There are 2 protein chains.
Amino acid sequence: MRLKDIGEFGLIKRFQKKIKINSSVVKGSGDDCAVLKFNKSSYQLFTCDMIVEGVDFFKTADLRLVGRKALAVSISDIAACGGTPQHAVVALGLSGNMQVHQIDRLAKGLLDLAGKFNINIVGGDISASSKLIIDVSMLGVVQKNKLCLRQGARAGDLIMVTGDFGGAIKGKHLKFTPRLKEAQFLVNNFKINAMIDVSDGLVADLGHILKQSSVGAVLYASLIPLSKQAQGIEEALCSGEEFELLFTASRDQADKIIQSAKYHFKVIGEILPEAFGLRLINSKNEYSKLKFQGYRHF
Amino acid sequence: MRLKDIGEFGLIKRFQKKIKINSSVVKGSGDDCAVLKFNKSSYQLFTCDMIVEGVDFFKTADLRLVGRKALAVSISDIAACGGTPQHAVVALGLSGNMQVHQIDRLAKGLLDLAGKFNINIVGGDISASSKLIIDVSMLGVVQKNKLCLRQGARAGDLIMVTGDFGGAIKGKHLKFTPRLKEAQFLVNNFKINAMIDVSDGLVADLGHILKQSSVGAVLYASLIPLSKQAQGIEEALCSGEEFELLFTASRDQADKIIQSAKYHFKVIGEILPEAFGLRLINSKNEYSKLKFQGYRHF
């Protein structure tokens, strides 16, 4: 049996079964960040994201944008948990033949974004590698009562998103600004029941919320905000690396979020009891069942 | 100009000049771990180490030992700062063609060692990669008054080590037990002025202590403990990935450490004023100047 036979999520499940954690861990593997005991009022968040040449970006990509992306994906994870990013370490796999001015561009993209978000780059490691690899591990902090996880969605919640969806691979995946301001506005002013950032795809990531909250959902095709790059509703539902926020809140809270008219939050569906599974209602009011599919590494 | 022209340390210097950190960072890049403000009595330690197939281990290596090593190198970094490891996240670059039972072996090596050292594996990331990559980021904690850095060595200090040196590449680099017990015995019972783990090589890593402490040193060839695998004194002085502790303490403290007769600590030299540089005294009482050379990735 090969990795491609069981896939990324099969492998993750296999690992998770074997892992033992102690009581200093509030939430281990299986969410956007690990949640660790920290102090009286706050938890610490800990996450890592590796990007690899030829998989997460092309060899021809502007390395300033690649460096930027390497950090941005972890900021997005911290944001999705309701937290504030603080520190990061950066492991680089580099070829000895790389031009130093190219590495400078990579560093510039990464450090400029770190500056913008007040993140301290506090260390790293450099190894030889024929393909460019960047792995960023990030620490953040979140007030206990503002922590958002994938679990917590309740039947009756409205499902909401930031931004629009589709075709991220055409450019947005390298240029997105992590939705930290939006996430902090949400957790500081409203009760958010569940939140995730859309990296695997809207349906796949909603699937994570549904599974971990033991609920079902209905999405309205006509409500999904499509980007100019979207090839259609199906593509928008599956498009990975959009790095928008996907969250649920009670109808009352959702109304208030919309009324705040701050940022661009949109309702796209509703949480239902688990037995409903996940359904999409199209413009003719017909429904279809959806599978939780998204980007697959293997 | 290519990376191989400026080398790993040239690149690190280049990065370090551009990095800005705020007051929540006690010590950023440039030591075995980053040191972060944590609570009244303790600092948090944060480190990462990436290992890559073909560079840090051969394709034919037992993956149980590879998984073990991936975690062990970070434990060694936390130990060298006088701390206790607590949590880790693991980023994996894997080929879809890898056999699942091979990945299971890798996971077993890593998780068994995590269990032995009470480290919580709290998350990770999986990416596609033709060559196997494992990057571990680890958090630890250290009491403020027990923190050991590369800086702090003083003229008159004795230079001491754990274990023996030479030929780590023949097997020790995959099988070493991080010197956590030894490090904790040292910081709990004595005043250690500077400490590092030997990953680049004895002379290269002593060089890090000397530079960051603005001191010189003399090593006595006859005192360097040679392993059975050592090819001779020169090889032992340059051998990377030995993962022994190298530390300095005042003569008085060093005497007490030796008298404790606990573990296997050995004096190998003495810290001198900076102007002496680094000298080696051979068995005929002749001295030679040493350059701070060790393993080079590029």
Side-chain angles (χ1 to χ4, degrees), chain A residues 1-6 8 11-12 14-15 18-22 24-25 28-29 33-34 36 39 46-52 55-56 86-87 89 91 93-101 103-104 107 111 115 118 120-131 133 135 137 139 297-298, chain B residues 1-6 8 11-12 14-15 18-22 24-25 28-29 33-34 36 39 46-52 55-56 86-87 89 91 93-101 103-104 107 111 115 118 120-131 133 135 137 139 297-298:
Chain A
M1 193 169 57
R2 292 176 188 274
L3 173 51
K4 60 188 175 192
D5 300 324
I6 65 166
E8 182 177 351
L11 186 65
I12 291 173
R14 215 172 160 93
F15 280 154
K18 295 175 188 163
I19 289 176
K20 287 172 198 147
I21 50 175
N22 65 36
S24 64
V25 180
S29 150
C33 298
L36 309 173
N39 61 34
F46 190 14
T47 183
C48 75
D49 289 278
M50 177 186 276
I51 66 174
V52 178
V55 178
D56 300 285
Q86 293 185 305
H87 310 289
V89 292
L94 303 172
S95 152
N97 281 320
M98 260 184 100
Q99 294 287 346
V100 172
H101 72 86
I103 306 175
D104 283 345
L111 293 175
N118 293 312
N120 300 301
I121 306 297
V122 294
D125 190 28
I126 296 173
S127 196
S129 167
S130 54
K131 295 208 171 173
I133 306 158
D135 184 37
S137 294
L139 290 174
H297 269 112
F298 305 101
Chain B
M1 192 168 59
R2 291 175 188 275
L3 173 52
K4 59 188 174 191
D5 300 323
I6 65 167
E8 182 177 351
L11 186 66
I12 291 172
R14 214 173 162 93
F15 280 153
K18 296 177 187 163
I19 290 176
K20 287 171 197 146
I21 49 174
N22 65 36
S24 63
V25 180
S29 149
C33 298
L36 309 172
N39 62 33
F46 190 14
T47 183
C48 75
D49 289 278
M50 178 187 275
I51 67 173
V52 178
V55 178
D56 301 287
Q86 292 185 305
H87 311 289
V89 292
L94 302 171
S95 151
N97 282 319
M98 261 183 97
Q99 294 286 346
V100 172
H101 72 87
I103 306 175
D104 283 345
L111 293 175
N118 292 313
N120 300 300
I121 305 297
V122 294
D125 191 28
I126 296 173
S127 196
S129 167
S130 54
K131 294 207 172 174
I133 306 158
D135 184 38
S137 294
L139 290 173
H297 270 113
F298 306 101

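In the text below, chain A, chain B and the rest are named by the order of the sequence lines, each starting its count at 1. This is a predicted model, so every value here is computed, not measured. Values reported hereafter were calculated over all heavy atoms of this structure, with side chains retained and with hydrogens, waters and symmetry mates removed.
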Which heavy atom of [X] sits nearest to which heavy atom of [Y], and what is that distance?
X	Y	result
B:Ser95	A:Leu3	O-CD2, 3.5 Å
B:Asn120	A:Lys20	OD1-O, 4.1 Å
A:Phe46	B:Ser137	CZ-O, 3.6 Å

Need one label for B:Asp5: side chain, backbone, both or neither, based on atoms under 4.5 Å from any heavy atom in chain A.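 Looking at B:Asp5, nothing touches chain A.
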Measuring heavy-atom distances to chain A, does B:Leu94 have an atom under 4.5 Å in its side chain, in its backbone, in both, or in neither?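 Both backbone and side chain.
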Give, as side chain, backbone, both or neither, the part of [X] having an atom under 4.5 angstrom from any heavy atom of chain B.
X	value
A:Ile21	both
A:Asn39	neither
A:Lys18	both

Shorter than 4.5 Å, heavy atoms on both sides: which option in [options] has the most such pairs with chain B?
options	result
A:Asn97, A:Ile121, A:Ile19	A:Asn97
A:Leu36, A:Val52, A:Asn118	A:Leu36
A:Gly123, A:Ala91, A:Cys33	A:Ala91

Best-contacting candidate, B:Ile6, B:Val25, B:Thr47, B:Ile51, against chain A by heavy atom pairs under 4.5 angstrom: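 Most heavy-atom pairs within the cutoff with chain A belong to B:Val25.
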So which residue, B:Arg2, B:His87, B:His101, B:Lys4, ends up with the most heavy-atom pairs under 4.5 Å with chain A?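 The option with the most such pairs is B:Arg2.
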Considering only heavy atoms from C-beta outward, does the side chain of B:Leu139 approach that of A:Leu139 to under 4.5 Å?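 A side-chain contact under 4.5 Å exists here.
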Does a side-chain heavy-atom distance below 4.5 Å link B:Val100 with A:Arg14?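 A side-chain contact exists here, since the closest heavy-atom pair is under 4.5 Å.
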Sole candidate of B:Ser129, B:Ser127, B:Ser130 that passes side chain to side chain contact (heavy atoms under 4.5 Å, CB included) when paired with A:Val55: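 Among the candidates, only B:Ser127 passes.
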What distance do B:Asp49 atom CG and A:Asp135 atom CG have between them, rounded to the nearest 0.5 Å?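 Those atoms lie 11.5 Å apart.
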